Amino acid sequence: MRWFGFGFNSFAQICVPDKSEKEESGNAVGQEKVCVPVDLVNHRGRSKIRASWSRRASLFLDEDSCVRLAGFCASISSNESFSPVTVNTSGCQDAAISETHLTLALPGRIESWDLQSKDKTPSWSMEMTQSQNSDVNLPLVPGGYISSKPPIFRSLSSHLQAKSLALGGEHAVLLTAAGAVYTWGQGSHGQLGHGGLISEEEPRTVEALWGMTMRSVAAGGWHSVCVGDGGDLYVWGWNESGQLGLPSRGLRKASQQKSDQQAGERCGSFSTCPDEELHEEVFISIQAFPALVDVSPSCEISTVSCGSRHTAAVTTTGYLYTWGWGEYGQLGHQTTSSLDEPQCVEFFRNENLHVVDVVCGSWNTFTAAVKKEVLGLENVPELPPVSTGSELWTTC
């Protein structure tokens with residue numbers, strides 16, 4: 001399995017320079033924007049990635065499990081960009097990272113380390129029994145969860161029977177063992193999915209999804225996503241950058257202005273030619289309750305992840321789709337375009353790669369993929385050509 005990264009790279013959280021790379025020019029190392037997926041050569045075998053705005057935590061699961069950090073992490077690293085943290089991470093089973101803390105699920109305990117401190121002891125820790133240790137799924141911990149902001153530990157009622165938890169910018173999305181979805185936190189952009197813009201201090205069930213079994217959840221800066229048992233994708237919250245995959249007025253207006261300019265040049269003025277005017281469209285700024293989005297008509301969704309204002313989904317057939325804000329190349333379409341409809345990332349199809357996982361940082365994206373021949377998938381049907389009519393083309 002190979003991992004790839006693209007998007008925001010100002011802190012070398014995607015492309016980690018070594019001595020030879022620093023001497024070369026024209027490569028992605030040190031670039032602020034990485035628009036073409038880059039192979040993370042240090043990632044081979046079984047591994048996981050967790051990402052925040054300026055950092056990447058890599059959990060290596062083969063042999064002696066350990067965690068390595070890339071990006072803005074010099075305060076706890078022995079080298080400048082990619083190195084083991086100074087704490088002993090041997091045997092680590094899971095990790096979570098934010099801009100302030102790194103949390104590690106270690107044998108018999110969970111530790112949370114302050115990334116802005118040079119203390120040699122964790123800022124928070126919890127002892128666990130063997131049975132608790134085997135069930136850990138960060139940020140969930142026994143009795144509660146680890147927050148991305150102090151106080152680090154937040155309690156959760158045991159009656160929720162939490163299975164997984166996604167933390168957004170100022171809200172949380174919880175999936176129960178029964179497949180129900182609960183949300184709480186800031187609701188000003190409809191990210192809680194309750195039909196209004198009201199915040200909630202305690203977990204509240206998303207009633208629009210009641211009776212449907214969900215299998216995974218994800219949270220962005222101000223939007224939320226979940227995948228149903230049948231592979232359907234549901235979205236809600238803010239759609240300013242098209243991150244819900246619904247029509248965005250801002251993106252369509254910019255696209256129309258460019259079209260008007262081109263049409264004006266053809267017609268001898270900067271106004272739209274009469275026969276080229278567009279029909280009225282319905283735009284979504286805030287979607288305050290779950291909406292079903294068709295990512296690909298013939299494919300089910302297997303996993304999904306959210307950045308601050310972009311979304312990435314993997315289909316059961318191994319294709320990666322992305323949409324939303326693309327200013328740093330985080331959509332992987334080799335441009336800095338933003339999109340308000342899902343589009344297949346052609347890079348992986350062209351490289352004959354079957355995508356198996358995706359993890360979004362705030363402004364970047366990390367994807368795990370395997371060669372199709374390794375999985376015996378050489379004859380998987382190709383997708384039809386993808387329309388790019390609504391893109392805002394701005395090349396890197």
Side-chain angles (χ1 to χ4, degrees), residues 4-10 13-14 28 31-38 51 53 168-169 189-191 218-225 233 235-262 278 281-287 291 293-296 301 304-314 319-348 355 358-367 385-396:
F4 297 81
F6 41 99
F8 182 60
N9 187 51
S10 286
Q13 60 267 57
I14 295 173
Q31 291 183 5
E32 183 183 44
K33 303 178 182 182
V34 177
C35 299
V36 180
V38 173
W53 177 70
H189 292 79
Q191 61 264 53
W222 301 272
H223 71 294
S224 306
V225 180
L233 187 71
V235 300
W236 61 93
W238 200 27
N239 192 48
E240 178 264 348
S241 298
Q243 58 263 53
L244 299 186
L246 302 174
S248 166
R249 180 179 295 276
L251 297 191
R252 298 295 175 93
K253 183 178 180 181
S255 180
Q256 182 60 40
Q257 286 174 343
K258 185 174 181 178
S259 298
D260 288 351
Q261 182 176 350
Q262 293 171 344
L278 295 180
E281 291 189 71
V282 176
F283 298 104
I284 305 297
S285 175
I286 290 177
Q287 177 70 31
V293 171
D294 247 344
V295 175
S296 174
I301 301 302
V304 67
S305 185
C306 298
S308 178
R309 286 182 285 163
H310 75 287
T311 306
V314 179
Y319 292 110
L320 174 67
Y321 285 79
T322 60
W323 60 96
W325 189 50
E327 177 66 26
Y328 287 91
Q330 60 265 47
L331 302 187
H333 302 306
Q334 303 184 35
T335 74
T336 54
S337 305
S338 294
L339 295 168
D340 62 2
E341 58 184 1
Q343 181 170 310
C344 183
V345 180
E346 295 295 317
F347 171 87
F348 297 100
V355 178
V358 65
V359 175
C360 292
S362 296
W363 296 356
N364 48 35
T365 307
F366 299 93
T367 301
V386 179
S387 170
T388 58
S390 64
E391 289 195 32
L392 307 182
W393 289 103
T394 310
T395 57
C396 295

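If you read the sequence from its start, that first residue is 1, and numbering goes on from there. Small disclaimer: the values here were computed from a predicted structure and weren't measured.
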Novice: Which pair of heavy atoms, one from Trp238 and one from Ser285, lies closest together, and at what distance?
Specialist: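 Closest approach of Trp238 to Ser285: CD1-O, 3.4 Å.
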Novice: Who pairs with Ala313 by side chain to side chain contact (heavy atoms under 4.5 Å, CB included), at least two apart in sequence or on another chain?
Specialist: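 For Ala313 the side chain to side chain contact (heavy atoms under 4.5 Å, CB included) partners, ignoring immediate neighbours, are Ile301, Val304, Trp323.
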Novice: Does any part of the side chain of Arg252, heavy atoms only, come nearer than 4.5 Å to the side chain of Pro247, both counted from C-beta?
Specialist: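 When only atoms from C-beta onward are counted, Arg252 and Pro247 do touch, with a gap below 4.5 Å.
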Novice: Report yes if the side chains of Glu240 and Arg309 come closer than 4.5 Å at any heavy-atom pair, otherwise no.
Specialist: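 Glu240 vs Arg309: side chains touch.
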Novice: Quick one: CZ on Arg249 to CZ on Phe283, what's the gap to the nearest 0.5 Å?
Specialist: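 Rounded to the nearest 0.5 Å, the CZ-CZ separation comes to 5.5 Å.
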Novice: Indicate yes or no: at least one non-hydrogen side-chain atom of Phe6 is less than 4.5 angstrom from one of Thr367.
Specialist: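 Yes, at least one pair of side-chain atoms sits under 4.5 Å.
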Novice: Applying side-chain contact (heavy atoms from CB on, under 4.5 Å) to Leu331 and Val345, what does each step give before you reach the verdict?
Specialist: CA-CA 8 Å; Leu331 302 187; Val345 180; over 6 Å; no
Novice: As an exercise, state the distance from SG of Cys306 to CG of Leu244, rounded to the nearest 0.5 Å.
Specialist: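 That separation rounds to 9.0 Å.
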Novice: Check the pair Phe4 / Val38 against side-chain contact (heavy atoms from CB on, under 4.5 Å), numbers first and verdict last.
Specialist: CA-CA 5 Å; Phe4 297 81; Val38 173; over 6 Å; no
Novice: Could you tell me whether the side chain of His333 reaches within less than 4.5 Å of the side chain of Leu339, counting heavy atoms only?
Specialist: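 Yes, side chains in contact.
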Novice: How long is the span from the CD atom in Glu341 to the OG atom in Ser248, to the nearest 0.5 Å?
Specialist: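 Glu341 CD to Ser248 OG: 11.5 Å, rounded to 0.5 Å.
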Novice: Say whether, by atom type as modelled, one donor and one acceptor occur between the side chain of Ser305 and the main chain of Cys360 under 3.5 angstrom.
Specialist: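 Side chain of Ser305 to backbone of Cys360: a pair is present.
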Novice: For the atom pair OG (Ser308) and CD (Gln243), what is the distance rounded to the nearest 0.5 Å?
Specialist: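 The CD atom of Gln243 is 8.0 Å from OG of Ser308, to the nearest 0.5 Å.
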Novice: Please name all residues satisfying side chain to side chain donor-acceptor pair (under 3.5 Å) with Gln287, sequence neighbours left out, ordered by chain then number.
Specialist: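 Side chain to side chain donor-acceptor pair (under 3.5 Å) check on Gln287 returns nothing, list empty.
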Novice: Check for a donor-acceptor pair, side chain of Thr322 on one end and backbone N or O of Ala312 on the other, with a separation under 3.5 Å.
Specialist: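 Judged by distance alone, no pair lies under 3.5 Å.
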Novice: Under 4.5 Å between any side-chain heavy atoms of Leu320 and Val358, yes or no?
Specialist: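 Touching, per the 4.5 Å side-chain cut-off.
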Novice: Within a strict 4.5 Å, meaning less than it, do heavy atoms of the Cys35 and Thr336 side chains meet?
Specialist: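 Touching, per the 4.5 Å side-chain cut-off.
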Novice: Classify the angle between the aromatic ring planes of Trp325 and Trp363 as parallel (below 30°), tilted (30 to 60°) or perpendicular (above 60°).
Specialist: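 Rings of Trp325 and Trp363: perpendicular, as their planes differ by over 60°.
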Novice: Between the side chains of Lys33 and Glu327, is the shortest nitrogen-to-carboxylate-oxygen separation below 4.0 Å, so that they form an ion pair?
Specialist: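 Salt bridge: yes.
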Novice: What distance separates Phe8 CZ from Gln31 CD, expressed to the nearest 0.5 Å?
Specialist: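 Between atom CZ of Phe8 and atom CD of Gln31 there are 13.5 Å.
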Novice: Roughly how far, to the nearest 0.5 Å, is the SG atom of Cys344 from the OH atom of Tyr321?
Specialist: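 Rounded to the nearest 0.5 Å, the OH-SG separation comes out at 5.0 Å.
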Novice: Determine yes or no for a side-chain-to-main-chain donor-acceptor pair under 3.5 angstrom, with Asn9 supplying the side chain and Ile14 the backbone.
Specialist: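 The answer is yes, because a donor-acceptor pair under 3.5 Å joins these two groups.
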Novice: Between Asn364 and Gln13, is there a side-chain heavy-atom distance shorter than 4.5 Å?
Specialist: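 Gln13 vs Asn364: side chains touch.
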Novice: Would a distance-only check, ignoring hydrogens and angles, find a side-chain to backbone donor-acceptor pair under 3.5 Å from Ser338 to Ser241?
Specialist: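 No, because the side chain of Ser338 does not come within donor-acceptor range (under 3.5 Å) of the backbone of Ser241.
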Novice: State whether the side chain of Trp236 and the backbone N or O of Gln191 hold a donor-acceptor pair below 3.5 Å, judged by distance alone.
Specialist: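 Yes; judged by distance alone, with no hydrogens or angles, the pair exists.
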Novice: Kindly give the heavy-atom pair with the smallest separation between Ile286 and His189, and that separation in Å.
Specialist: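 Taking every non-hydrogen atom into account, CG2-O, 3.4 Å.
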Novice: Would you indicate whether the side-chain heavy atoms of Pro342 and Val293 approach each other to under 4.5 Å?
Specialist: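 Yes, at least one pair of side-chain atoms sits under 4.5 Å.
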